[in-house]
Amino acid sequence: TTTLGFVFKEGILLAVDSRASMGSFLSSEQVRKVIEINEYLLGTMAGGAADCQYWLAYLANHCRTYELKNGSKLSVAAASKFLQGILIGYRNSGLSMGCMIAGTDTTGQHLYYIDNDGMRLKGDIFSVGSGSTYAYGVLDNHYRYDLSLDEAVELGIRAIYHATHRDTASGGVVRVYHIHQDGWTKVHDGIDVVDLHYRFAQQKGLVGDGDE
Ligand SMILES: C#CCCCC(=O)N[C@@H](Cc1ccccc1)C(=O)N[C@@H](CC(C)C)B(O)O
């Protein structure tokens, strides 16, 4: 998996791949690694598919229950802290989860990283998953706070593409979400990384894919 998120002047950009694997076996190219917790919160998944799916759905349920009971929404900080509390409770029990919780609330847009150790970090740029080192190479090189939405989308796509090219556990399609003050918008629901490969190869003037 390669997932990434960064804060920029127009909000937060999230981009993920869609591959699931079990060792060298490719179990899916269509996983949805961004969970739409509600219209103002998104979660990303990396690590154990079952662990991520279950606990992010559990968080979504908690957010909805809280809203119905209290007539107000949980902040991004509170929602991410709730997940952290669960993972702390299951420390050393074998959960494998590297998640981001990103969203908008009355104080603006916020991005958190949470993992199975119970680590919770607020930040401006994260990449999580087996391909994250490759994505950071692209992100750390080209990130600017002042990116326009189109530039941010382009950067997210490129960073995920390069990670899927080098990391065998990442691949499939790229999904991109934009979080802004009114909630989130799905920008791309599945760009095939093979198409991106040949598009970028063309731009580089590589006729084939480099191994003629
Ligand atoms: C579909 C299916 C089976 C998925 C098995 C399964 O969880 N694979 C994991 C890798 C893993 C993790 C821990 C133990 C073993 C195997 C996987 O593909 N994780 C990706 C993200 C999830 C959300 C799809 B990514 O992190 O590579």
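For ligands, and for the atoms within them, numbers begin at 1 and follow the listed sequence.
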Quick one: ligand 1 N/O to protein N/O pairs below 3.5 Å?
from, atom 1, to, atom 2, distance (Å)
ligand 1, 7 (O), A49, N, 2.9
ligand 1, 8 (N), S21, O, 2.7
ligand 1, 18 (O), S21, N, 2.8
ligand 1, 18 (O), S21, O, 3.4
ligand 1, 19 (N), G47, O, 2.7
ligand 1, 26 (O), T1, OG1, 2.6
ligand 1, 26 (O), G47, N, 2.9
ligand 1, 27 (O), T1, N, 2.6
ligand 1, 27 (O), T1, OG1, 2.7

Only distances under 3.5 Å count here; give the side-chain donor-acceptor pairs of residues 41-57 to other protein atoms, sequence neighbours excluded, each with its distance to 0.1 Å.
from, atom 1, to, atom 2, distance (Å)
T44, OG1, M100, N, 3.0
D51, OD2, S96, N, 2.9

Point to revise | Candidate pair S18 and E29, rule side-chain hydrogen bond (donor to acceptor under 3.5 Å, both in side chains), full reasoning | key: CA-CA 5 Å; S18 63; E29 292 270 66; 5.2 Å; no
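- Transitive grouping of hydrophobic side chains (ILVMFWY, heavy atoms separated by less than 4.5 Å) keeps V34 and I101 in distinct clusters.
- Remark: D192 does not engage R199 in a salt bridge, criterion side-chain N to carboxylate O under 4.0 Å.
- For R19 and T1, the side-chain atoms include no donor-acceptor pair closer than 3.5 Å.
- Put simply, the side chain of R175 gets close to the backbone of V31: a donor and an acceptor are under 3.5 Å apart.
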